[in-house]
Amino acid sequence: MDTLTVTRVLGVPVHRRSKDSGLVKCGICGGVFDRDVTAFSPTVSREGLKPALLAVLLAMLSADMEGENAEACVEVAVVSSIVAEVTGEAADPEALRNEARHLKDDPGALDQRLKVITPYLTNAEKRMLLESALRVAHANGDASEMEMALIQRIAGLLDVSDALFRGVTEAGLESAG
């Protein structure tokens with residue numbers, strides 16, 4: 001048999017050209033690729049999710065680092081806890097504060113960090129990022145308007161649907177209240 005059809009790879013029909021070639025042919029674009037392409041998965045690993053998680057959490061932390069709340073101790077503890085839960089690594093509180101200050105000084109940094117990974121995130125991963133942001137926002141009691149506006153901005157950067165955003169924020173309000 002010269003051609004063997006591989007059902008779908010990332011939703012794209014792929015055909016193997018010949019039994020011995022080790023190449024596959026895309027049924028849509030006609031491109032020919034090494035067989036390794038069939039093993040590719042866009043699912044983000046914990047390590048791959050870490051930059052997006054840190055960007056979101058540090059953005060939330062920087063929002064709390066205003067005036068008299070410059071140290072944001074409760075929020076730093078919550079951020080450290082979330083990072084440890086997701087990545088299995090403890091985060092240094094002072095390093096978190098320094099990174100949050102740096103992120104605050106560079107308004108485009110959050111956009112840049114999330115733009116790189118957003119296309120590869122599943123809805124479940126996006127939900128987890130928003131839930132983490134809400135945990136930081138509610139760490140010291142109620143989330144401020146500024147924090148909620150930032151969460152809405154993060155949802156926009158993550159390309160989250162309105163229904164998913166409402167579901168996360170309503171669940172966050174119920175658990176906080």
Problem set entry | Test item: Val76 and Arg97 side chains (from C-beta on) under 4.5 Å apart, heavy atoms | yes

Problem set entry | Note, Leu54 side chain near Val79 side chain (heavy atom, < 4.5 Å) | no

Exercise. Just how far is it from atom CZ of Arg113 to atom CG of Leu53, taken to the nearest 0.5 Å?
Worked result: 11.5 Å

Exercise. To the nearest 0.5 Å, what is the distance between CG (Leu134) and CG (Leu129)?
Worked result: 11.5 Å

Exercise. Passes side-chain contact (heavy atoms from CB on, under 4.5 Å), Thr169 versus Gln152? Steps please.
Worked result: CA-CA 10 Å; Thr169 53; Gln152 194 165 15; over 6 Å; no

Exercise. Is the side chain of Thr118 donor-acceptor paired with the backbone N or O of Leu114 at a distance under 3.5 Å, no angle test?
Worked result: yes

Problem set entry | Atom of Ala55, atom of Leu110 and distance for their closest heavy-atom approach | O-CD1, 3.5 Å

For this session: Would you give the length of the straight line joining atom CG of Leu96 to atom CG of Leu57, rounded to the nearest 0.5 angstrom?
Result: 8.5 Å

Exercise. Looking only at heavy atoms, which two atoms of His138 and Ala143 are closest? And how far apart?
Worked result: ND1-N, 3.6 Å

Problem set entry | Any donor-acceptor pair under 3.5 Å from Glu125 side chain to Thr122 backbone | yes

Problem set entry | Test: Glu131 and Arg127 ion pair at under 4.0 Å | yes

Exercise. Looking only at atom types and distance, does a side-chain atom of Ser62 sit under 3.5 Å from a main-chain N or O of Arg101, one as donor and one as acceptor?
Worked result: no

Problem set entry | Gap between atom CG of Leu103 and atom CG of Asn98 - 0.5 Å precision | 12.5 Å

Seminar exercise, completed: Heavy atoms of Ile117 and Ala52 approach each other most closely as CG2-CB, 3.5 Å

For this session: With sequence neighbours excluded, tell me which residues meet salt bridge (charged side-chain N to carboxylate O under 4.0 Å, His left out) with Glu147.
Result: none

Exercise. What's the shortest heavy-atom distance between Ala91 and Ser80, and which atoms?
Worked result: O-OG, 3.2 Å

Exercise. At their closest point, which heavy atom of Phe165 faces which heavy atom of Val160, and how far apart are they?
Worked result: N-CG1, 3.7 Å

Exercise. Does any N or O in the side chain of Ser132 come within less than 3.5 Å of the main-chain N or O of Met128, such that one atom is a donor and the other an acceptor?
Worked result: yes

Problem set entry | Partners meeting salt bridge (charged side-chain N to carboxylate O under 4.0 Å, His left out) with Arg153 (sequence neighbours left out) | Asp111

Seminar exercise, completed: dist Glu75:CD -> Ile82:CD1 (nearest 0.5 Å) comes out at 11.0 Å

For this session: Measure the spacing between OH of Tyr120 and CG of Leu49 and express it to the nearest 0.5 Å.
Result: 14.5 Å

Exercise. Salt bridge between Lys104 and Glu99, side-chain N to carboxylate O under 4.0 Å?
Worked result: no

Problem set entry | Note, Glu89 side chain near Lys50 side chain (heavy atom, < 4.5 Å) | yes

For this session: Decide yes or no for Asp159 and Lys126: does some side-chain heavy atom of the first lie under 4.5 Å from some side-chain heavy atom of the second?
Result: yes

